[in-house]
S.K.: 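Let me begin by handing over the structure; questions about it come next.
Whatever order the structure lists ligands and atoms in, that order sets their numbers, starting from 1.
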Amino acid sequence: MKRDNLQLYFIMGTSNVLIQKPLNVLEKALQSGITMFQFREKGPNTLTGQAYENFAQECQKLCQQYNVPFIVNDDVELAVKLGADGVHIGQEDLPVSMVREKIGSMILGVSVHSQAELQTALQYGADYVGIGPIFATSSKKDAKPPSGTKFLQQVRIQYPELPIVAIGGLNCSNAHTVFKAGADGIAVISAICESEDISNTISTLKSFSILDKKIK
Ligand code: TZP
Ligand code: MG
């Protein structure tokens, strides 16, 4: 994967979308220029069984149409079964080494909150790391307290080339702070799922990235 893929990383499951249809939100986000997608079916009233798998497959199909990597949160078996582009795991999931063994050369993203977690992720071949929650979030019930940008800044200085995505409470008003701190991109749920104008939200969020500044 390229660092550029992380520029605007959209994460969604059915529980994140209240008014519209989740697949419509995903399609609009793809049309508007998200650069990576994570299927994260968690929280209240989530799909299970065949409905869960079908929904994942529909999301994957849409991502393929727009040539955007389709990443599965936590569920390594599903990722392998569907032939996803990658998997994203947190610290409560299977160990990084074991996931790498199961997924071969697929993209592997790992959420890290400390040097120790970062070192383990890198040792076992994480392709990118997620750092956060930077700000308070209401999209993850068991989220750690907001960390601010300090750890992110440290990791960027330590590893100038490491693909890093920032997550947690990011929106059009604060996304500039994490790009400034060295993130390659931002991962968002509510900023897109709750937007009344997805296309405008996405172009604003992307405008803070150096990638968009270069072509302006
Ligand atoms: N991991 C850390 S914060 C978070 C996840 C999955 C939720 C991000 O959602 P939002 O709505 O962009 O704050
Ligand atoms: Mg997880």
S.K.: Quick one: does Arg40 get within less than 4.0 Å of ligand 1, heavy atoms only?
M.R.: yes
S.K.: Could you identify the single nearest non-hydrogen protein atom to atom 12 (O) of ligand 1 and state the distance to 0.1 Å?
M.R.: Ile189 N, 2.9 Å
S.K.: Please state which option from Cys193, Gly168, Ala187 has its nearest heavy atom closest to atom 3 (S) of ligand 1.
M.R.: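 Ranked by closest heavy atom to atom 3 (S) of ligand 1, first place is Gly168.
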S.K.: So that I can tick it off, tell me whether Lys2 and Asp184 are bridged by a salt bridge, with the cut-off set at under 4.0 angstrom between side-chain N and carboxylate O.
M.R.: no
S.K.: Between Gly169 and ligand 1, is there a nitrogen or oxygen pair with a distance under 3.5 Å?
M.R.: yes
S.K.: Using only atom types and a distance under 3.5 Å, with no angle test, would you say the side chain of Glu41 pairs donor to acceptor with the backbone of Thr14?
M.R.: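 Yes, the answer is positive, given that a donor and an acceptor are paired below the 3.5 Å cut-off.
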S.K.: When you measure from atom 7 (C) of ligand 1 to every protein heavy atom, which one gives the shortest distance, and what is it?
M.R.: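 It is Thr137 OG1, 3.6 Å.
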S.K.: If the condition is salt bridge (charged side-chain N to carboxylate O under 4.0 Å, His left out), which residues does Lys81 pass it with, not counting sequence neighbours?
M.R.: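 With sequence neighbours excluded, Lys81 shows a salt bridge (charged side-chain N to carboxylate O under 4.0 Å, His left out) to Glu53, given in chain and number order.
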S.K.: Within a strict 4.5 Å, meaning less than it, do heavy atoms of the Asn16 and Ser190 side chains meet?
M.R.: no
S.K.: Could you list which atoms of ligand 1 come closer than 4.0 Å to a heavy atom of Ser139?
M.R.: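 Those qualifying, in numeric order: 7 (C), 9 (O), 10 (P), 11 (O).
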S.K.: Hey, are the side chains of Phe37 and Met12 touching, using non-hydrogen atoms and a 4.5 Å cut-off?
M.R.: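 With C-beta onward as the side chain, the pair touches.
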S.K.: Just jot down the salt bridge (charged side-chain N to carboxylate O under 4.0 Å, His left out) partners of Asp75, sequence neighbours excluded, or say none.
M.R.: none
S.K.: With 2.8 Å as the threshold, which protein atoms of type N, O or S lie near the Mg ion (ligand 2)? Leave waters out.
M.R.: Asp74 OD1, Asp93 OD2
S.K.: Select one of side chain, backbone, both or neither to describe which atoms of Ser190 lie under 4.0 Å from any atom of ligand 1, heavy atoms only.
M.R.: both
S.K.: If the cut-off is 4.0 Å to any non-hydrogen atom of Val188, which atoms of ligand 1 fall inside it?
M.R.: 12 (O)
S.K.: Under 3.5 Å, is there a donor-acceptor pair between the side chain of Arg156 and the main chain of Tyr159?
M.R.: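 Checking the backbone N and O of Tyr159 against the side chain of Arg156, a donor-acceptor pair under 3.5 Å is found.
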S.K.: Does some side-chain heavy atom of Ile186 sit less than 4.5 Å from a side-chain heavy atom of Phe179?
M.R.: yes
S.K.: Please check: side-chain N/O of Glu27 versus main-chain N/O of Leu62, any donor-acceptor pairing under 3.5 Å?
M.R.: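 Not confirmed, Glu27 side chain does not pair with Leu62 backbone.
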S.K.: Tell me every residue that passes ring-ring contact (aromatic ring centres under 6.0 Å, His included) with Phe55, counting only those two or more places apart in sequence or in another chain.
M.R.: Phe39
S.K.: Is Ala191 in contact with ligand 1, taking contact as a heavy-atom separation below 4.0 Å?
M.R.: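 Per 4.0 Å heavy-atom rule, Ala191 does not contact ligand 1.
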S.K.: Is a side-chain donor or acceptor of Asn73 paired with a backbone partner of Gln38 at a separation under 3.5 angstrom?
M.R.: no
S.K.: Tell me the protein heavy atom at minimum distance from atom 1 (N) of ligand 1, and give that distance in Å.
M.R.: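 Residue, atom and distance for the closest contact: Lys140 CD, 3.3 Å.
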